[in-house]
Amino acid sequence: MPKIALILPVLWTMLPVMAGCADPSAEQAGRPKQAAKPVTTEAVRQESVRRTLEVVGTLAAEDQVTISSEVDGVVRRVLADLGDRVKSGQPLVELDREKLQYNLDQQRAAHARSLTKYGAADADTLPRVEDTPDVRRAAAELAQAQQGFQRAAELHKRQLISEQTRDDADTTLRLKRAAYDAALQEAKNLRADIDASAAALKLADRHLRDASIRAPFDGYVQQRMVSLGELVKAQMPVMTVVRVDPLKLLSEIPERMAPWIKVGQPLALRVDAFPDKQFNATVSRISPAVNTQTRTFAFEALAPNAEAVLEPGTFARVRIETSLVEQVLTIPYAAMQYRYGVYRAFAVEGDRLAARELKTGDRVGDRMEILDGLTATDRVAMTDVDTLTDGMTIAVGGE
């Protein structure tokens with residue numbers, strides 16, 4: 001009897017525990033299920049995309065020249081300075097012209113003297129060397145000597161004159177022929193003197209014109225190197241002029257994209273000074289050989305710059321639309337979730353979402369190229385993408 005009294009209180013204390021463990025499913029069945037999240041979805045799209053190439057380049061002047069003086073002289077006027085816009089042929093520096101003018105006058109007088117010796121009134125009506133006065137006189141004397149010798153020879157045959165007289169006529173003929181040859185040679189020398197004096201006259205005239213140092217092309221003065229009153233020697237630099245219209249863009253094309261870019265192809269560029277403005281250019285040259293260190297091809301493009309907005313030496317971000325067209329998979333950019341440096345999208349699998357890690361390519365408008373992570377048969381969730389989780393229960397409410 002005492003043993004039974006001890007067991008009953010123990011059993012009584014265990015009843016609540018046994019009752020709680022008897023049917024756990026019954027309590028769980030009464031618990032409310034998680035509500036399905038309504039989402040809209042969109043199918044992965046396959047599209048034809050024209051590839052674009054984005055590179056960085058440098059703008060450079062197409063022509064840049066350091067202008068040097070071609071003659072000696074003292075600087076009398078400086079007509080352009082740093083930053084000035086100059087036109088082709090515009091005077092930049094004027095040297096002293098007095099000594100050069102004296103030299104020109106001297107050469108002009110020497111040329112006139114050579115014309116007079118030759119017997120010509122001016123350089124435009126030069127007679128033939130056979131028609132100069134000295135040659136014509138020598139030719140007349142030679143003809144007279146020939147006639148005298150012929151008569152003397154005929155009379156000697158008839159024994160009307162002595163052999164000495166015939167020999168004297170022959171000697172006279174020889175002397176006149178030599179005199180004619182000498183007169184002809186002298187006339188040729190005088191003609192050569194005319195040519196030489198004419199060349200010296202042109203050179204003196206060129207030196208006088210070179211006293212005015214001019215711009216070789218339209219551009220801007222980048223540097224002035226001389227001052228008023230300075231003695232300038234021949235080949236001494238005086239100014240640097242750059243051409244800024246057009247500018248030359250220098251950049252490189254990756255080896256894999258080289259077949260899809262050709263000379264004459266348009267491109268767009270932007271610079272930091274005008275971030276919201278796009279400038280156009282045209283590919284002008286492409287290197288025929290690849291750089292073995294960078295595996296790129298150097299190329300040049302010409303960018304019109306009539307308003308001189310772009311400046312040489314600045315960096316440019318270049319966008320080239322190539323001729324390469326490829327089939328790619330894309331999804332809306334808004335369908336991607338970005339977490340910890342990784343892009344994810346949520347593919348619909350029945351009534352649940354499956355998170356897929358994405359390998360992305362180029363952005364195409366408001367869509368993103370997908371290289372890996374999705375297939376053409378997948379659909380992705382579009383609603384509240386930042387709040388979606390892997391395995392979430394969904395209810396597709398629209399497409």
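Proximity of a side-chain donor or acceptor of S197 to a complementary backbone N or O of D193 within less than 3.5 Å is detected. Although no hydrogens or angles enter the test, the distance criterion places a donor-acceptor pair under 3.5 Å between the side chain of D72 and the main chain of A234. At least one donor-acceptor pair closer than 3.5 Å links the side chain of D245 to the backbone N or O of N305.
Judged by distance alone, the side chains of T296 and E252 do bring a donor and an acceptor atom under 3.5 Å apart. Side-chain atoms of S48 and Q327 include a donor-acceptor pair closer than 3.5 Å. Checked by atom type, the side-chain pair Q185/D181 shows no donor-acceptor distance below 3.5 Å. Judged purely by distance below 3.5 Å, without hydrogens or angles, the side chains of D122 and T125 pair a donor atom with an acceptor atom. Between the side chains of Y102 and Q106, no donor N or O sits under 3.5 Å from an acceptor N or O. Residues D378 and T375 have side chains that bring a donor and an acceptor to within less than 3.5 angstrom of each other.
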### Task
Begin from the C-alpha positions of D63 and R243 and carry the test salt bridge (Lys or Arg N to Asp or Glu O under 4.0 Å) through to its verdict.
CA-CA 5 Å; D63 292 307; R243 188 202 301 273; 2.7 Å; yes

### Task
Using the side chain to side chain contact (heavy atoms under 4.5 Å, CB included) rule, take M236 and S68 through it: C-alpha gap first, then chi angles, then the decisive distance, then the call.
CA-CA 5 Å; M236 178 176 173; S68 300; 5.9 Å; no

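Aromatic ring pairs are classed by plane angle as parallel below 30°, tilted from 30° to 60° and perpendicular above 60°; the pair Y338 and Y343 is tilted.
Residue L53 is tested with L324, T322, L267 for a side chain to side chain contact (heavy atoms under 4.5 Å, CB included); the sole match is T322. Put simply, the residue from R363, R45, E47, E369 that forms a side chain to side chain donor-acceptor pair (under 3.5 Å) with T330 is E47. Remark: of the listed residues R209, K202, H207, R209 is the sole one forming a side chain to side chain donor-acceptor pair (under 3.5 Å) with D205.
Ion pairing between R356 and E349 holds under the 4.0 Å rule for side-chain N and carboxylate O. Taking the charged nitrogens against the carboxylate oxygens, E54 and R319 do have a contact shorter than 4.0 Å, which makes a salt bridge. In summary, D362 and R51 engage in a salt bridge, as defined by a charged side-chain N under 4.0 Å from a carboxylate O.
Taken to the nearest 0.5 Å, the CG atom of L371 stands 9.0 Å off from the CG atom of L329. We find the NZ-CG distance between K176 and L142 to be 9.5 Å, quoted to the nearest 0.5 Å.
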